[in-house]
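Just so it is clear, the structure is predicted and the values come from calculations on it, not from any experiment. Sequential numbering from 1 along the given sequence is applied to the chain's residues.
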Amino acid sequence: MSTSNHGLNSDGLTLAQFLPLWRDAMWHAVDPNERARLMLELGRARARERSGLETLLVAFTPRKDPPLSVIPLDAVPTIETGTLRDNVRQRLAELQATEVYVLLTQRATDQAGQACYVLVAWGENVDGERMCWMQAFRYKGEHMDEAPPFFAPDASETAVDRRLAGLLMPLH
């Protein structure tokens with residue numbers, strides 16, 4: 001198993017090797033910041049295999065077995081996506097999710113006009129705590145160059161948080 005100072009990482013593992021380890025680590029993590037970091041690791045594994053840069057949502061429901069629901073999305077459920085966001089919020093309420101994590105990839109171009117990307121792993125819990133990890137990367141032929149991952153100390157100050165916050169409805 002590949003681990004770092006934080007826990008599980010995807011270095012040296014194929015996506016197929018990483019997924020069962022990821023599910024187990026997500027299940028047993030007690031810290032929402034660690035779960036957000038694990039989402040970033042999932043994004044790294046997927047990006048290395050170029051198998052998917054689409055948006056993923058993971059709902060965490062501790063009273064459910066298994067407690068993780070992985071939901072691929074056609075778009076990011078931001079305030080601007082209206083119906084999609086409403087549907088996601090309703091689905092999370094039906095699941096009685098206490099935490100939600102969104103993995104997305106933002107595309108940009110560097111100064112030389114080459115495509116580059118930023119993986120974003122954002123999450124929130126029903127207590128209003130939000131967390132965000134980011135990592136820039138680009139492809140150079142068959143190789144993927146990665147910048148070091150970055151944890152946003154105050155997720156509410158990120159642009160993605162302003163667009164995603166409020167996916168979880170309060171539980172009664």
Side-chain angles (χ1 to χ4, degrees), residues 8-11 13-27 29 32-61 64 66-95 97 99-110 114-125 130-147 149-152 155 158-168:
L8 178 68
N9 76 45
S10 61
D11 293 345
L13 299 173
T14 66
L15 184 59
Q17 292 169 325
F18 181 70
L19 276 174
L21 300 172
W22 174 82
R23 282 189 179 275
D24 190 54
M26 285 289 283
W27 186 320
N33 289 322
E34 176 61 5
R35 283 197 187 100
R37 189 196 67 76
L38 287 165
M39 286 294 292
L40 187 74
E41 287 299 324
L42 176 61
R44 291 181 64 230
R46 293 172 76 218
R48 269 197 310 278
E49 292 192 11
R50 301 178 193 219
S51 64
L53 299 178
E54 71 276 353
T55 302
L56 279 183
L57 180 137
V58 172
F60 187 75
T61 310
K64 193 175 165 219
L68 297 175
S69 298
V70 179
I71 304 166
L73 297 174
D74 293 332
V76 181
T78 63
I79 294 166
E80 299 86 2
T81 59
T83 303
L84 170 67
R85 183 179 174 87
D86 293 343
N87 291 342
V88 166
R89 292 184 79 215
Q90 184 61 40
R91 177 77 172 120
L92 291 170
E94 289 167 2
L95 290 170
E99 298 172 31
V100 62
Y101 300 91
V102 178
L103 176 66
L104 60 109
T105 306
Q106 297 183 318
R107 188 177 193 276
T109 52
D110 64 17
Q114 301 285 63
C116 56
Y117 305 88
V118 177
L119 279 173
V120 179
W122 173 91
E124 73 178 342
N125 63 28
R130 297 191 304 266
M131 56 290 309
C132 185
W133 281 84
M134 295 174 260
Q135 184 172 22
F137 71 96
R138 66 178 162 206
Y139 297 112
K140 285 191 166 184
E142 293 299 310
H143 179 70
M144 187 173 113
D145 282 342
E146 299 175 89
F150 172 79
F151 175 71
T158 64
V160 72
D161 184 83
R162 290 187 282 278
R163 297 178 67 214
L164 283 171
L167 287 177
L168 289 177

Are the side chains of R46 and L103 in touch, meaning some heavy atoms are under 4.5 Å apart?
yes
Mind checking whether R138 and D110 have side chains closer than 4.5 Å, heavy atoms only?
yes
L56 and M39: which non-hydrogen atoms are nearest, and at how many Å?
O-CE, 4.4 Å
Heavy-atom count around R91 CZ within 6.0 Å, excluding the residue itself: above 12?
no
What's the shortest heavy-atom distance between R48 and D11, and which atoms?
NH2-N, 3.9 Å
Check: V102 and L167 side chains under 4.5 Å, non-hydrogen atoms
yes
Could you check whether any side-chain N or O of R37 sits under 3.5 Å from a backbone N or O of A121, counting only pairs where one atom can act as donor and the other as acceptor?
no
Side chains of L164 and L104, heavy atoms from C-beta outward: is any pair under 4.5 Å?
yes
Taking every non-hydrogen atom, the tightest pair across L40 and P149
CD2-CB, 3.7 Å
Would you check if the side chain of E41 reaches a backbone N or O of S10 as a donor-acceptor pair within less than 3.5 Å?
yes
Hey, could you give me the CG/CG distance between L21 and L8, rounded to the nearest 0.5 Å?
5.5 Å
To the nearest 0.5 Å, atom CZ of R44 lies from atom CD of E146 at 4.0 Å
Gap between atom CG of L68 and atom CH2 of W22 - 0.5 Å precision
6.0 Å
Taking all non-hydrogen atoms of both residues into account, name the closest pair between C132 and V160 and its distance.
SG-CG1, 3.9 Å
Side chain to side chain, L38 and E34, heavy atoms closer than 4.5 Å:
yes
Would you mind reporting whether V76 and T81 have side-chain heavy atoms less than 4.5 Å apart?
no
d(M134 CE, T158 OG1) to nearest 0.5 Å is 5.5 Å
Please list all pairs meeting salt bridge (charged side-chain N to carboxylate O under 4.0 Å, His left out) that have one or both residues in residues 71-82, counting only residues at least two apart or in different chains.
E80-R163
Taking the side chain as every heavy atom from C-beta outward, state whether R107 and L53 have any pair of such atoms under 4.5 Å apart.
no
Report the residues that fulfil salt bridge (Lys or Arg N to Asp or Glu O under 4.0 Å) with R23, sequence neighbours left out, ordered by chain and then residue number.
none
Nearest-0.5 Å distance, CG of residue L19 to CG of residue L15:
4.5 Å
Between G166 and E124, what is the shortest heavy-atom contact and its length?
N-OE1, 3.1 Å
I'd like to check L84 versus T78 (side-chain heavy atoms, cut-off strictly below 4.5 Å). Are they in contact?
no
Short question: side chain of W133, backbone of N33 - any donor-acceptor pair under 3.5 Å?
yes
On the ring face of Y101, is R35 found with NZ or CZ under 6.0 Å from the centre and within 45° of the axis?
no
Any idea which heavy atoms bring P77 and R85 closest together, and the distance?
O-NH1, 3.0 Å
Rounded to the nearest 0.5 Å, what's the gap from CD on Q114 to OG1 on T109? Could you check?
9.5 Å
